[in-house]
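Working notes, structure below.
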Amino acid sequence: MSNSTPVQVIRGIGASPGIVTGPVFRYEVRKIVVERRQIEDGPAELARLEAALEQARHEVHALFEQAKQDVGDAEAAVFEAHEMFLSDPDLLLLVHTAIQEQHTDAAYAWQTGTGEYADQLRSIGDEYLAARAADIEDVAQRVLRILQGIGETRAKLLEPVVIVAPDLAPSDTMLFDKAKVLAFCTELGGPTSHVAILSKALGIPAITGLGEAVSQLRSGMHVIVDGNMGEILVNPDQQTLNRYQQQADRQAQSYQEARAAAHQPAVTLDGTRVEVVANIGSPENAKEALEYGAEGVGLLRTEFLFMEREAAPSEEEQLAVYQAILTTMGTRPVVTRTLDIGGDKPAPYIKVPEEMNPFLGVRGIRLTLQHSEVGQSQLRALLRAGVGHTLKIMFPMVATSEEVQAIRQQIQLAQETLTAQGLPFAQNCEIGIMVEVPSAAIMADALAGQVDFFSIGTNDLTQYTLAIDRTNAGVASMADALHPAVLRLIRMVIEAAHAQGKWVGVCGELAGDVLAVPVLLGLGLDEFSASHRLVPLIKQAIRRYSVAESRQIATMALSLPNAAQVRQYLRGVAHS
Ligand code: PEP
Ligand code: MG
């Protein structure tokens, strides 16, 4: 290491925060490709295939259990899908026919069958189905490996390393010994890719979308990974290392202090108490939320109950899960969002026509209003689970007041059905909407009279306001919710709601960004809802400002011309 060589910086998307330093471990799974062999004994080959499939089912099930334990049901669901592919009757028919009728060996028949299946899904041109094609390829390689007699490529990590890979399938991510993973860095992927979601849940820094520059990184090279900024510093000199190490130490120290005070309320310097709650996606998350000092749940994403399965969950199944979460939270508020799928994330049992622009299509509330049987069973389950708790129900992707009227009718219908059935249900639960479509923000004064609260979904609000697809790695890094256009919409929403005595939360990622805290406080935000590990930090940041000072900071931020300048300004504020 010398002080004279300039430190090279590779930039990507900060997908999970934190600073670490250590050696690179290049992880590339070599793809198994087999040649066709002619076989004589069809039944024996079929038996060989079945044995390999059975072993694969065992392996995948073990990964599912491990993922459930490490990161929760929602993230583990992908392995359930893998298990389903291993028993998919259409796929197996294709492979069996090749073995029996064309006397093809099991490995080649499996490779061809799964390849055709994945190609078919890709040709539809839908991002969600393309991701499922990648899942099929993942599971296809597992079976080929077993058929070839190759042991599981469990990457043996001998020391703590920074994993660098082209992309990481969920099964790759789960294979590593997490105690030895300092960070995950991938060439591909956006802020919502699997590795980003898993890393956040595990508290491991991650950078995605680094592009071709990662090919310069070799195993053993020393790097600094700054997950906050989305930067890798290659072969840093001692001075840079010291600087980052100090920064990492300061952050670790500050986080410890934040955790020590996590169970205290978040009160500004001039005495305003602000609610800090958590975003959760499973019953396990609810327990973690409490450990990290969350005062309730600001966003329960219910999709985990509906995705990666062949039929919708029954009302009773939903009831049990909602009750488990509400029981964990006692009488703390639990803002539950109704099903937010469709478009880019369809459930196989809900038919949505093929769409050119899934994010502008039949998503969220549009889908549940079209499929009211799904919406009704969820509403009934929620209302029943809410008895004795502080349940609040929230609807995603609302764009118009007609939709709010339709929602009101749906709630009334669910209440009437439950009354007719003689089932007890929560009587006075608050009803709110997510504000994540610009029309809802602009019309907030009209919508405020129809609801009890707003929760601003800055992830989608940013994507729709700036016309940046949040899943597209080519543009996703520009989707910064601190853009003044988004902040001005947030101001409109809060002013409109407060004028009518309604409360406003933010449940998009912006609520977990400590830099944004004084701006949101200054705009008068009532509730911050962030990923559980960030709750202590947000509370800590709130305690550093007065509302009066925050108002000035917000006014300044909203007057700046772009997100970069807002970030720069807020960094200055945070360090002053
Ligand atoms: C949002 O859009 O900000 C949000 C919280 O919802 P999701 O990320 O689930 O779309
Ligand atoms: Mg959203």
Side-chain angles (χ1 to χ4, degrees), residues 9-15 17 190-192 207-209 211 226-231 359-360 399 434-445 454 456-498 504-525 528 530 538 541-542 544-576:
V9 180
I10 304 178
R11 291 198 170 80
I13 301 163
T192 56
I207 305 180
T208 55
D226 183 345
N228 312 327
M229 300 297 290
E231 287 176 354
F359 276 119
L360 305 180
M434 289 193 70
V435 177
E436 48 186 351
V437 178
S439 62
I442 295 163
M443 299 294 286
D445 55 348
F454 290 138
I456 306 176
T458 48
N459 308 342
D460 277 315
L461 187 61
T462 307
Q463 122 161 308
Y464 293 128
T465 304
L466 301 177
I468 293 173
D469 177 348
R470 64 193 260 201
T471 66
N472 180 337
V475 290
S477 60
M478 296 187 300
D480 192 336
L482 279 177
H483 194 288
V486 181
L487 297 178
R488 289 179 191 208
L489 287 176
I490 296 175
R491 176 176 60 187
M492 285 176 76
V493 176
I494 297 176
E495 281 177 358
H498 285 181
V504 183
V506 166
C507 63
E509 301 304 309
L510 186 68
D513 185 341
V514 285
L515 284 185
V517 166
V519 178
L520 295 174
L521 276 180
L523 295 177
L525 190 74
F528 289 68
I538 296 304
I542 290 169
R544 288 204 190 113
Y545 298 94
S546 68
V547 171
E549 179 198 8
S550 299
R551 283 203 188 110
Q552 287 171 7
I553 296 169
T555 305
M556 180 65 189
L558 268 66
S559 74
L560 293 169
N562 56 43
Q565 287 193 33
V566 174
R567 259 189 200 280
Q568 195 186 0
Y569 165 64
L570 292 176
R571 274 197 205 105
V573 169
H575 292 121
S576 63

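You'll find the side chain of Ile553 reaches within 4.5 Å of the side chain of Tyr569, heavy atoms only. Side-chain contact between Asp480 and Thr462 is absent, with no heavy atoms from C-beta onward closer than 4.5 Å. Under the 4.5 Å side-chain criterion, counting only non-hydrogen atoms from C-beta, Ile538 is in contact with Val514. The closest side-chain heavy-atom distance from Asn228 to Pro17 is below 4.5 Å. Counting only heavy atoms from C-beta outward, the side chains of Met434 and Cys507 approach each other to under 4.5 Å. Between Val437 and Asp460, the closest side-chain pair of non-hydrogen atoms is not below 4.5 Å. When side chains are defined from C-beta on, Val504 does not count as touching Leu523, because their heavy atoms never get closer than 4.5 Å.
Closest of all the heavy-atom pairs between Val566 and Ala557 is CG2-O, 3.6 Å. Here the shortest heavy-atom pairing between Tyr464 and Phe359 reads OH-O, 2.6 Å. Shortest non-hydrogen contact noted between Ala574 and Leu515 is CB-CD2, 3.9 Å. Between Pro484 and Ala563 the shortest heavy-atom distance is CD-N, 3.7 Å. Looking at every heavy atom in both residues, Leu520 comes nearest to Ala511 through CD1-CA, 4.5 Å. What you find for Phe454 and Val493 is that their closest heavy atoms are CD1-CG1, 3.6 Å.
Within a 6.0 Å radius of CZ in Arg567, other residues, nucleotides and ligands contribute more than 12 heavy atoms.
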>> Does Thr458 form a side-chain contact (heavy atoms from CB on, under 4.5 Å) with Ile490? I'd like the steps, not just the answer.
In response: CA-CA 9 Å; Thr458 48; Ile490 296 175; 3.9 Å; yes
>> Working note: Thr465 + His483, criterion side-chain contact (heavy atoms from CB on, under 4.5 Å); need CA distance, chi angles, decisive distance, verdict.
In response: CA-CA 10 Å; Thr465 304; His483 194 288; over 6 Å; no
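Rounded to the nearest 0.5 Å, atoms CG (Asn562) and CG (Leu482) are 11.0 Å apart. Of the inter-residue distances, the one linking Asp445 atom CG with Ile442 atom CD1 reads 10.5 Å to the nearest 0.5 angstrom. The distance from atom CD of Gln565 to atom CE of Met556, rounded to the nearest 0.5 Å, is 8.5 Å.
Side chain of Ser439 to main chain of Ala399: a donor-acceptor pair is present (N/O by atom type, distance under 3.5 Å, no hydrogens or angles). Checked by atom type and distance alone, the side chain of Asn459 pairs as donor or acceptor with a backbone atom of Glu509 at under 3.5 Å. Looking only at distances, no side-chain donor or acceptor of Tyr545 sits under 3.5 Å from a matching main-chain atom of Val519.
Shown are Ile542, Leu510, Leu525; of these, the side-chain contact (heavy atoms from CB on, under 4.5 Å) with Val517 is made only by Ile542.
With sequence neighbours left out, Gln568 forms a side chain to side chain contact (heavy atoms under 4.5 Å, CB included) with no residue at all. Remark: Glu436 pairs with no residue by the side chain to side chain donor-acceptor pair (under 3.5 Å) rule, at least two apart or across chains.
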